[in-house]
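Please read the structure below before turning to the comments.
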Amino acid sequence: MNTYVPSSAEEKRLMLEALGMKDADELYADIPEKIKIKHLSLPEGISEQELSEKAEALCRKNKVYTAIFRGAGAYNHYIPAIVRSVISKEEFVTAYTPYQAEISQGILQSIFEYQTMICALTGLDVSNASVYDGASAAAESVAACRERKRSKALVSSLLNPMVISTVETYCKANGMTVELIPGKDGVTDTDALTSALDDTTACVLTAQVNFLGCIEDCRIASDAAHAAGAKYIMYINPIAAAILSSAGEYRADLACGEGQPLGMPLSFGGPYLGFMAARKELVRKLPGRIVGQTLDSDGNRAFVLTLQAREQHIRREKASSNICSNEALCALCAACYMSAMGKKGMRRAATVSLSNAHYLAKALDSLGFKRIYSSEFFNEFLTSCPVNSDELMKKLDCEGILGGLPTKDGILWCTTECNSREQIDRLLKICGEATK
Amino acid sequence: MNINTECLYSKSHEWVRIENDTAYIGITDYAQNQLGDIVFVGLPVVGDKVSTSDAYSDVESVKAVSDVYSPVDGTISEVNTQLESDPALLNTDPYGTWIAKLTDISSTDGLMTPAEYEEYCAAL
Amino acid sequence: MKLIFEKSVKGRGLSLLKEPDVPEYALSEGLLRKEPLDLPEVSETDISRHYTSLAKQAHGINDGFYPLGSCTMKYNPKIDEQVASERAFTALHPLQPEESAQGALEVMYECSKSLCEITGMDDFTLQPAAGAHGEFTGLLLIRAYHESRGDLKRTKIIVPDSAHGTNPASAAMAGYTVVNIPSAPDGCVDLEKLRAVCSDDTAGLMLTNPNTVGIFDKNILEITEIVHSAGGLCYYDGANLNAVMGIVRPGDMGFDVVHLNLHKTFSTPHGGGGPGSGPVGCKSFLSSFLPGKTVVRNDDGSFAFSVPSDSIGSVRSFYGNFLVVLKAYCYILSLGASGIPDTAKNAVLNANYLKHLLEKNYDMAYGGICMHEFVMTLEKIKHESGVSALDIAKALLDKGMHPPTMYFPLIVHEALMIEPTETESKETLEQAAEAFTQIYEMAVKDPEYLRGAPYNTPIKRPDEAEAARNPVLRYIPEK
């Protein structure tokens, strides 16, 4: 057993004695006897060494693929060593929320820098300090657009299904209605969108790079939303954002997305990072913590949590969101990643991911894996599968390759800069053999 | 603590000043002092009907938010947009800074006179 | 200190990625970004030193005593971090086949089962990413339950006025009207007031027990009975479970739904504000409503995902903050059946010992034995010397200690809420008490000095009013 309690038996005795007690059980006099439990039905605690061995055994039951061609919301990008080093610093890892600004300048400044970088990436004016993940960021963005007479959200059906599901859960809870806009040729059907817009529409939410990997020209959705007096929310891929038109350029009111590609490992789905940015007029609609710059009483620059009166701990049931803990360490990770990569590194990650995908798509096409949609795509694309997809995946699996994601409409392939040409050629060879 | 002699007062520390058929409403010096540095004022919308039982605005200080009630019923005819950029006016000049103007106002029965309000505050 | 943008030098940068080895694809011009991407141009040395100097201006659990009430700032075991950094966990794609992630599924399954045993619940979801997210999820289970029975008039959630702000905020997000009930003079639930508000429109009650003033509400069985007999459900906010884990279980107190904060009770680090993890447990009659996917064990001993039949949907992507769950599972394995209640007892013992030491100079908001935390009221000091709870908190910064939670709960004036946790030693508690004593003496002798505190921190008191009135939320270079 390893409880991390430092007190010795004698120290505990002395503390109890000071309280006039003999046994720690006396501390629980207020708890009705009949509900106290005798013993937890759990194994007894183990030593650190045993835990280490147990963990190794669990690790052996997981397979680490040498090549990953699957994305669908979680992307295997290269993580610079400096990022891992920085986010392991225990002052960052073990601190609580920076409520005491005087001893938390390091964390507050890191968030301020993160907010600045998210603004740069999105081309918008203000960012919050993070929310849980991309899906909850989308849900919070939709909720932020609600107005007294506008409570309908038009949501592209080509967003990641988990994002759609989360937006629907939040909206059902708070009384907003969600209307899904169908896709057409792999992108959001803007005619359907335009005809669904009316004076009760609070916002339009579409993805710049949608679940099928297709790149959407968001100008049409943005302009249509604005013409109807609604807000436009753009869901973005932060790596693609290094080369694609920014949310600001598309005159989006809010931008949000999944920050995991910015230096976070796949981690079986979390922790990830929800980022959110907005035009400055909407700053008070952003949920959660925001760091601002001010001066201290000596006139020196200082950073603080600001606009706090929007938040749950002050506004309680009138707060627009309940978020309290966020993903601060992941935001730090993203900021460190963007600093290390810089503009050039980000562009290269995006360009190589894109180019690899196009190289793969072309070669797959010649093997009979035909693209379902012809739109421009970023690093993911959907193809038909001329063979049994389960069997193909098993063959790839045997070679240490995680293939594309089988869906009801075909296989959703993904590449990043981590897929070398050699890896892609190996994948193609196996796919080729499977079709023979 | 300042008390303006031209106003009538509510128990929740708001004032009203009637000029012709228009009511100017705001918060008292006592209220702003209790709130501390005011950093934001949530303004109502012109045309909204307000009643004495519903908050029509809220004011934020750094670590608190307080509802603001109207001392009389009425319809918002104008809001003080100066407060959007300079909420601290409520601290520096609480009686010179109205939050909203009302028309179609109800009677001022039941409100305190300046002398009554002074007495009321003294007892708090 | 300079911002990383202010350290930027044109032309600097790292070389991290290899040259592309496939033909470069050019997207059509119309889709491309026109505005420059303004990121800093810095070297690896610049970045490394920048974050090292930022780290020196942060206060973590290893920088000193951290008795932040309600936050359970206990030590974060290193072995748990080590396990969670294994590539066999970090490199797992969330959509890789279940057969290839059996270790991860086993962690999720076993952690859920352990949490069921600790809380007296029947099922858990690990999807919620934080405590507040768990509250929202739990309330949606309650809502789904009433709706499934066609009981649509239950629109109200009862919350005591001592509750965390997240409780009413979560209830509002879940579409409920909040009914606040004032606490009794002893800080506990006022049974008469509770009875008065319970009716056929009551959807449920949200409660922490021990409550936010650090007292175990001994009427708990009566409280949950009152709500149940009105047809409502009882929600347990697990923020304060550290005091009673292994001693008494929410399920046995009469609660139907519970969320836990793995980043509090189960020792996973807070990361400067997150990531946390807020699993939600429920009694079996609510299991079919759980969000996302849960893990089941097949007859052959393998693990698989399962989607609850009447699921409320998803509250985020994938399965939650998996690595945080993994760390918490390691912690549970270390403590085991005896270590869990032992931990709770030591948390309560430490709190009572520190309270005992502080009682000489400071007024406690409530008498008697406290649980894992206690609340002091500095009203008298404020009245006598003008020194506020804020001033005392700031003075503690100069002593190298993180201050307690300030001005919470709202029902106590000039409140300081202290939670030492079990991972602090007797001597740390005594040193903290000594620091409090010195500050008290200073409050009597030189209140003006305290009003200027802190003096030895990287910055002095910041102007928060200015920050909120004229928000500067990102760096804009001077032209």
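Atom set for the values below is all heavy atoms of this structure, side chains included, hydrogens, waters and symmetry mates excluded.
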Chain C contact via A:Y4 - side chain, backbone, both or neither, heavy atoms under 4.5 Å | both

Kindly assign one of parallel, tilted or perpendicular to the pair A:F268 and C:F322, based on the angle between their ring planes and the thresholds 30° and 60°.
-> perpendicular

Could you grab the distance from atom [atom1] of [X] to atom [atom2] of [Y], nearest 0.5 Å is fine?
X: C:L37; Y: A:M117; atom1: CG; atom2: CE; answer: 10.0 Å
X: A:L295; Y: C:K460; atom1: CG; atom2: NZ; answer: 13.5 Å
X: C:Q57; Y: A:E102; atom1: CD; atom2: CD; answer: 12.0 Å

Any side-chain heavy-atom pair of C:N76 and A:V93 under 4.5 Å = no

Is there side-chain contact between C:H263 and A:S325, with at least one heavy-atom pair below 4.5 Å?
-> yes

Of the backbone (N, CA, C, O) and the side chain (C-beta and beyond), which part of [X] lies under 4.5 Å from a heavy atom of chain A, both, or neither?
X: C:D63; value: side chain
X: C:L31; value: both
X: C:F89; value: both
X: C:P40; value: both
X: C:H164; value: backbone
X: C:N180; value: side chain

Main-chain N/O of [Y] paired to [X] side chain as donor or acceptor, under 3.5 Å:
X: A:T94; Y: C:G60; answer: no
X: C:H93; Y: A:A74; answer: yes
X: A:S165; Y: C:S314; answer: yes

Using the test ring-ring contact (aromatic ring centres under 6.0 Å, His included), find all partners of A:Y272 that sit at least two apart in sequence or belong to another chain.
-> none

Under 6.0 Å between ring centres, would you say that holds for A:Y28 and C:F216?
-> no

Are the ring centres of A:Y132 and C:H133 closer than 6.0 Å?
-> yes

Pairing donors with acceptors under 3.5 angstrom, does anything connect the side chains of [X] and [Y]?
X: A:K63; Y: C:Q102; result: no
X: C:S334; Y: A:N2; result: no
X: A:S246; Y: C:E35; result: yes
X: C:E464; Y: A:T294; result: no
X: C:E86; Y: A:N62; result: no
X: A:E376; Y: C:Y25; result: yes

So, are A:K61 and C:E106 salt-bridged, with charged N and O less than 4.0 Å apart?
-> yes

How far apart are the closest heavy atoms of A:S136 and C:V315, and which atoms are they?
-> CB-O, 4.2 Å

With sequence neighbours excluded, what pairs up with A:S41 under the side-chain hydrogen bond (donor to acceptor under 3.5 Å, both in side chains) test?
-> none

